[in-house]
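The structure presented is a predicted model; accordingly, all values stated were derived computationally and were not measured. Within every chain, numbering begins at 1; the chains are lettered A, B, ... in the order of the sequence lines, protein sequences first and strands thereafter.
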Amino acid sequence: MTKTIVVTSGKGGVGKTTTSASIATGLAKRGFKTVVIDFDVGLRNLDLVMGCERRVVYDLVNLVNQESSLNQTLIKDKRIENLYILPASQTRDKDALTIEGIARVMHKLKKSDFDYIICDSPAGIEKGAKMALYFADEAIVTTNPEVSSVRDSDRILGILQSESRRSKLNEDPVKEHLLITRYNPTRVKDGQMLSVDDIVDLLAIPLLGIIPESPSVLDCSNAGKPVILDDESEAGQAYSDAIDRLLGESKPHRFMEAPKKGFLSRLFG
Amino acid sequence: MGFFKFFKSGKEEQTAKLAKDRLQVLIAHQRTDRTGPDYLPMLRQDILDVIKKYVSVGDDALSVQIDQQDDCDVLELNITLPEDAESTEHASTVAKRRALERQQETGSVT
Ligand SMILES: Nc1ncnc2c1ncn2[C@@H]1O[C@H](COP(=O)(O)OP(=O)(O)O)[C@@H](O)[C@H]1O
Ligand SMILES: [Mg+2]
């Protein structure tokens, strides 16, 4: 059975693409045949984070318009077995996608025995974002500890509950996961940033993980490598934990505590 | 935490609390708008307009909610009036005093 997971948020720049790349890579690393689709038509990004930008020949719009075959369009990852990237178009605009066209692509992917389809949503709550979440079985709602991000996440939850395929067909609802990213425990401790508890309280959906704000995310995206492949980094480890939870394991949450500072670093840090 | 912050520590503004309070109001609004009957947002706007005829309040001063209690729907209105509205304060004080008096008369403890 193929599972379709959308990574969504409403707000831009919260870490959807970073998350899509790491979640897809993590699932493939555990042996699941996985494809990650960039739905951000016109503003393609995922190929850069995955480090395959020079291998893009065809894109999602070509595939939807039946100008290329699935095999021609999918890019096979060079590092991880079982991992494929379906890039967005850089030139066309968002109207190039239709639900019927995407339905055909989803059907082809299911017939090719993919275990997971990860959909990297564009920002906003317009057509592009709705298209990305339409076929989802599960949703990773990516949220930063910040007012506008939390509000937008709540709006996206409303759309998942009323405009997804599952809601339209009266099937079981889309399974919602909260992923808090760019978390800064020190600022939370100082009372300057919403805490994990605050956000869980407000959004009232199950917590999949907490990804700390971490310099390694930028280093990795500079290098075109999903941060989950960096075992040393806190963000990488946090994504790895999130994969375990996604697969049903229960794991305590890490990286929520501010590092203890000595007297001198408190003074001059 | 820098040199000066160290000594100020504790007095820094706890803005996260503010953020949470504001979000609680916002999200409650968003959720009633999408789960309640579809006339609810308009009903809220109309009631808000009436309130604004008499008291100057902001757009988030009114929350409208539909709750299920047993087998009937309860429409709950919550109006936050500004603190400097003297007449309102007065009215609520009167109401409180009356309630107290009534309690003492009947000897009820509720
Ligand atoms: N945990 C993190 N720590 C530090 N920077 C991050 C983290 N997650 C994302 N970023 C950075 O935030 C920016 C936006 O991330 P991106 O994944 O492109 O967001 P979106 O797809 O939601 O627009 C990027 O520059 C990325 O490197
Ligand atoms: Mg993105």
Side-chain angles (χ1 to χ4, degrees), chain A residues 10-11 125 130 141 143-164 167 173-174 176 178 180 182-205 256 258-269, chain B residues 1-48 57-69 73-80 82:
Chain A
K11 192 172 158 68
I125 51 171
K130 287 181 180 171
V141 179
T143 308
N144 289 169
E146 184 258 320
V147 274
S148 57
S149 174
V150 174
R151 170 163 66 178
D152 288 358
S153 291
D154 182 66
R155 295 196 64 184
I156 278 291
L157 286 171
I159 294 174
L160 282 164
Q161 289 156 13
S162 62
E163 298 190 43
S164 61
S167 68
V174 176
E176 299 156 347
L178 173 62
I180 300 174
R182 313 202 66 165
Y183 195 67
N184 184 334
T186 307
R187 301 208 68 192
V188 172
K189 190 164 152 273
D190 291 344
Q192 295 168 328
M193 190 181 256
L194 289 164
S195 70
V196 170
D197 288 344
D198 290 339
I199 302 172
V200 171
D201 235 28
L202 287 161
L203 293 177
I205 62 172
M256 289 168 71
K260 292 211 169 51
K261 280 191 167 186
F263 178 77
L264 282 182
S265 71
R266 277 171 69 85
L267 212 49
F268 300 108
Chain B
M1 191 177 293
F3 185 78
F4 291 105
K5 273 191 178 169
F6 180 76
F7 293 104
K8 279 202 312 192
S9 146
K11 281 184 205 148
E12 264 174 62
E13 248 194 302
Q14 305 277 298
T15 50
K17 174 85 176 58
L18 217 59
K20 187 176 184 188
D21 291 347
R22 291 169 66 213
L23 278 166
Q24 249 156 355
V25 175
L26 276 173
I27 289 180
H29 280 185
Q30 283 183 177
R31 295 200 169 177
T32 17
D33 283 358
R34 66 181 186 242
T35 53
D38 44 9
Y39 61 76
L40 216 55
M42 284 181 294
L43 177 67
R44 183 175 73 211
Q45 194 52 53
D46 284 354
I47 297 177
L48 193 62
V57 293
D59 280 345
D60 59 358
L62 174 67
S63 82
V64 177
Q65 214 160 318
I66 300 236
D67 284 330
Q68 242 97 40
Q69 264 169 33
D73 287 348
V74 177
L75 177 69
E76 187 185 315
L77 300 183
N78 229 309
I79 309 164
T80 316

Requested in this report: Considering non-hydrogen atoms only, spot the tightest contact between Ala19(B) and Val147(A) and give its length.
Outcome: CB-CG1, 3.7 Å

Query - Shortest non-hydrogen contact from Arg31(B) toward Ala204(A) - result: NH1-CB, 4.2 Å

Query raised in the report: Below 4.0 angstrom, N of the basic side chain to O of the carboxylate: do Asp154(A) and Arg34(B) qualify?
Result: yes

Query raised in the report: Would you say the side chain of Leu157(A) lies within less than 4.5 Å of the side chain of Gln30(B), judging by non-hydrogen atoms?
Result: no

Query - Contact origin within Leu203(A) toward chain B - heavy atom pairs under 4.5 Å - result: both

Query raised in the report: Do Asp198(A) and Leu23(B) have side-chain heavy atoms sitting under 4.5 Å apart?
Result: no

Query raised in the report: Which heavy-atom pair separates Asp201(A) from Lys20(B) by the least distance, and what is that distance?
Result: OD2-NZ, 2.9 Å

Report task. With a 4.5 angstrom heavy-atom cut-off, could you sort out which part of Arg187(A) is near chain B: side chain, backbone, both or neither? Result -> neither

**Report entry** Nearest heavy-atom neighbours spanning Arg151(A) and Leu26(B)
**Finding:** NH1-CD2, 3.4 Å

